[in-house]
Amino acid sequence: MYKTAIKTPNFFRSFSSLPNLTSYITSLQLCAHNTNLRQGKKLHSYMLINGFLTSPLTITSLINMYSKCNAISDAVLVFNTSSSTCEHNVFAYNAIIAGFIFNHLPKPVLRVYEKMRLAGVMMDKFTFPCVIKAFSGCQDVVGLKNVHGLVFKFGLDHDLFVGSAVVHGYLKFELMVDAHQVFDEMPDRDVVLWNAMINGYAQIGEFDNALDCLKKLRVDGIVPSRFTVTGILSVLTLKGDLYNGKAIHGFVTKMGYLSGVAVCNALIDMYGKCKCSLDALDIFEGMVVKDIYSWNSIIGVHQQSGDHEETLKLFDQMLRDKVFCPDIVTVTTVLPACSHLAALRHGKEIHAYMITKGLGKEDEDRDNDTYINNAIMDMYGKCGCMHEARLVFEHMSSKDSASWNIMIMGYAMHGFGNEALSLFHKMGEVNLTPDEVTLVGVLSACNHAGLVKEGQEFLSEMKSKYKISPTVEHYTCVIDMLGRAGLLDQAYKLLSEMPIEANSVVWRAFLAACRLHGDANLAEIAARKVIDLEPEHCGSYVLMSNVYGTLGRYEEVSDVRLNMRQQSVKKTPGCSWIEFGDRVHVFGTGDRTHPDEDLIYSELNSLYMSMGLCHMT
DNA sequence: GTAGGGTTAG
């Protein structure tokens with residue numbers, strides 16, 4: 001008789017009798033665990049046909065199954081439609097609330113919570129952790145404090161799960177005093193509760209307090225978990241504490257925590273930031289399971305070590321492998337590498353990728369949006385594409401002062417002094433206050449466009465008009481500008497009279513100007529200063545020997561060279577590079593290793609010829 | 001039948 005009522009599905013074969021309530025619930029739990037939505041839906045339909053949807057037990061299991069299978073709308077449907085056939089108990093409410101939290105939807109939790117209270121269903125220790133999380137997720141600190149009050153009323157303030165959630169909630173708002181009070185009043189503390197405190201201290205930058213928690217936790221006889229070590233590693237990374245980072249690496253190995261992806265990711269980051277790229281690579285290579293963090297972190301390691309070519313290579317590999325999609329973190333890590341190498345093709349590729357993936361556009365986090373577009377503008381600017389940079393700038397929905405500074409500096413770098421200054425004036429029109437960086441851009445614009453009078457005016461007005469005290473960088477721009485314009489005496493006067501201490505950079509700029517205009521006396525003064533301030537830097541010796549060379553004082557040239565050897569200063573060979581096709585071609589001084597060497601040098605020679613011809617006519 | 005921590009960029 002039963003055989004006609006239901007066709008036994010595959011997953012019931014293991015049961016000796018026909019499915020009952022328990023077997024349905026067990027099967028639904030399995031589907032939830034394996035995120036097997038298809039199977040779960042099948043079960044749902046059998047339950048519907050066979051009249052199993054009137055029990056609060058099956059409703060709860062169904063809601064849970066749909067939530068865990070990321071089908072929250074189905075979970076909601078079950079919850080809403082079942083209200084007519086069976087009254088929702090605390091289990092059903094808890095399941096749908098937990099479902100929303102699992103699917104990162106804090107807002108609807110607050111509505112269901114309200115409904116629950118109106119229906120007179122009593123909250124329990126399962127309800128509170130999720131509701132607390134919802135209030136902090138909705139940035140509702142008042143709501144959080146109210147729920148905390150209710151926790152006391154329900155006598156759940158000593159429950160570890162509830163207590164951890166409250167501590168976590170307060171720490172999210174950086175309310176350390178409130179969090180600490182709850183923490184202190186807990187009769188027992190487990191590793192999760194301690195982790196919350198460690199991460200709370202880490203978040204507000206109190207690193208030593210975070211590390212102190214680790215000591216106390218161990219005194220309490222608690223074993224640090226994988227979660228503890230990732231938190232601690234991030235603290236050690238920020239402190240640049242390689243010694244203790246290595247100790248944690250040892251502990252992690254001993255505990256078998258290296259099988260945890262997040263633990264390894266934190267180790268990669270720690271080694272990378274502590275300038276141990278090889279150790280970071282070792283960890284990365286040894287990982288069986290990797291996630292987007294691992295990729296991003298290893299790209300970050302190369303970016304931070306200044307290996308821009310490898311950074312781009314890894315990005316290409318990521319695109320080719322198609323295992324992980326580059327996200328906003330990947331893109332912000334890779335873009336500066338493009339800027340450094342002036343790798344326009346890569347930069348454009350990333351820009352196109354961002355557009356197709358919608359990265360940096362209508363992002364939930366507006367700061368992200370601004371930041372990423374700033375990085376794109378910077379890339380275009382450094383690659384000499386001011387037109388493209390301007391287009392991005394004009395289309396940005398929110399600009400911060402960095403956005404304006406990047407544009408001004410871009411124009412300045414490429415000699416578009418007037419464009420830089422006009423943007424600077426526009427900045428004033430939209431009531432944005434220029435900062436130190438803006439003024440460096442403005443002065444640099446005057447420098448590169450030869451706007452000597454304007455540059456001098458800006459410098460003298462900085463304090464009175466813009467309330468910015470000129471730094472050595474600002475003076476460097478103006479001294480460089482005066483020097484290039486041949487106004488060596490004025491430059492020297494400013495250099496000697498400026499109220500802040502001159503560094504080697506500003507003296508070197510002055511030295512370069514002396515060389516350009518062949519003033520050996522001032523050059524000697526400048527060179528002594530530079531060598532004094534930075535004896536290991538080769539640039540000043542080279543400039544000085546060039547000055548003597550230009551003036552035909554060859555004995556002194558060899559003196560400088562000898563001095564250089566005595567100080568064991570080596571000239572770092574200069575190099576340039578250009579992106580062509582799918583690779584970046586690097587050329588060192590006197591470098592003849594390029595496969596197309598003959599072609600390149602013959603083209604170079606014909607350029608020299610044309611230059612010579614132009615000069616003659 | 002239901003619950004709590006972590007890591008990557010500026």
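Chain letters run A, B, ... following the sequence lines, proteins first and then strands; every chain starts at 1.
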Choosing from [options], which nucleotide comes nearest the side chain of [X]?
| X | options | result |
| --- | --- | --- |
| A/Ser164 | B/dG4, B/dT7, B/dG1 | B/dG4 |
| A/Asp269 | B/dG10, B/dT2, B/dT8 | B/dT8 |
| A/Ser225 | B/dT2, B/dG5, B/dG10 | B/dG5 |
| A/Thr333 | B/dT8, B/dA9, B/dG10 | B/dA9 |
| A/Ser61 | B/dG10, B/dG6, B/dG1 | B/dG1 |
| A/Tyr293 | B/dG4, B/dT7, B/dG6 | B/dT7 |
| A/Lys133 | B/dA9, B/dG5, B/dT2 | B/dG5 |
| A/Phe161 | B/dT8, B/dG1, B/dA3 | B/dA3 |
| A/Ile25 | B/dG1, B/dA3, B/dG4 | B/dG1 |
| A/Thr230 | B/dT8, B/dT7, B/dA9 | B/dT7 |

Over how many whole Å does the gap from [X] atom [atom1] to [N] atom [atom2] extend?
| X | N | atom1 | atom2 | result |
| --- | --- | --- | --- | --- |
| A/Phe284 | B/dT8 | CZ | P | 16 Å |
| A/Ile298 | B/dT8 | CD1 | C1' | 11 Å |
| A/Asn199 | B/dG4 | CG | C1' | 13 Å |
| A/Ile283 | B/dT7 | CD1 | C1' | 13 Å |
| A/Ile96 | B/dT2 | CD1 | P | 15 Å |
| A/His88 | B/dT2 | NE2 | P | 17 Å |
| A/Leu217 | B/dG6 | CG | P | 15 Å |
| A/Ile132 | B/dA3 | CD1 | C1' | 11 Å |

[Y]/[X] salt bridge by N-O under 4.0 Å criterion:
| X | Y | result |
| --- | --- | --- |
| A/Asp279 | A/Lys246 | no |
| A/Lys216 | A/Asp220 | no |
| A/Lys357 | A/Asp327 | no |

Mind checking [X] for me? I need base, sugar-phosphate or nothing, with any heavy atom below 4.0 Å counting as a touch.
| X | value |
| --- | --- |
| A/Val331 | nothing |
| A/Leu160 | base |
| A/Ala98 | sugar-phosphate |
| A/Pro336 | nothing |
| A/Asn89 | base |
| A/Leu57 | base |

Return no unless some side-chain N or O of [X] is found under 4.0 Å from OP1 or OP2 of [N].
| X | N | value |
| --- | --- | --- |
| A/Lys68 | B/dG1 | no |
| A/His168 | B/dG6 | yes |
| A/Gln29 | B/dT2 | yes |

Q) A/Phe126 on top of B/dA3's base, within under 5.5 Å and under 30°? A)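 Base of B/dA3: not stacked against A/Phe126.
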Q: Check the geometry between A/Phe227 and B/dG5 and answer yes if their rings are stacked (centres below 5.5 Å, planes below 30°), otherwise no.
A: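 Yes.
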Q: Identify which one of A/Thr332, A/Thr330, A/Asp269, A/Asn265 satisfies the side chain to side chain donor-acceptor pair (under 3.5 Å) criterion when paired with A/Asn296.
A: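 Only one of A/Thr332, A/Thr330, A/Asp269, A/Asn265 forms a side chain to side chain donor-acceptor pair (under 3.5 Å) with A/Asn296, namely A/Thr330.
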Q. Side-chain donor-acceptor pair under 3.5 Å between A/Ser297 and A/Ser294, yes or no?
A.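 Side chains of A/Ser297 and A/Ser294: no pair found under 3.5 Å.
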Q: Let me know which of A/Met176, A/His180, A/Lys145, A/Gln181 forms a side chain to side chain contact (heavy atoms under 4.5 Å, CB included) with A/Tyr170.
A: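 That would be A/Lys145; it is the only one of A/Met176, A/His180, A/Lys145, A/Gln181 passing the side chain to side chain contact (heavy atoms under 4.5 Å, CB included) with A/Tyr170.
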Q: Measure from NZ or CZ of A/Lys290 to the centre of the six-membered ring of A/Phe284 and say whether it is under 6.0 Å with the direction within 45° of the ring axis.
A: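 Flagged: A/Lys290 positioned over aromatic ring of A/Phe284.
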Side-chain donor/acceptor contact of [X] with base of [N] under 3.5 Å:
| X | N | result |
| --- | --- | --- |
| A/Thr60 | B/dG1 | yes |
| A/Thr332 | B/dA9 | yes |
| A/Asp190 | B/dG4 | yes |

Q.
If the glycosidic angle sits within 90 degrees of zero it is syn, else anti. Tell me which applies to B/dG5.
A.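 Syn.
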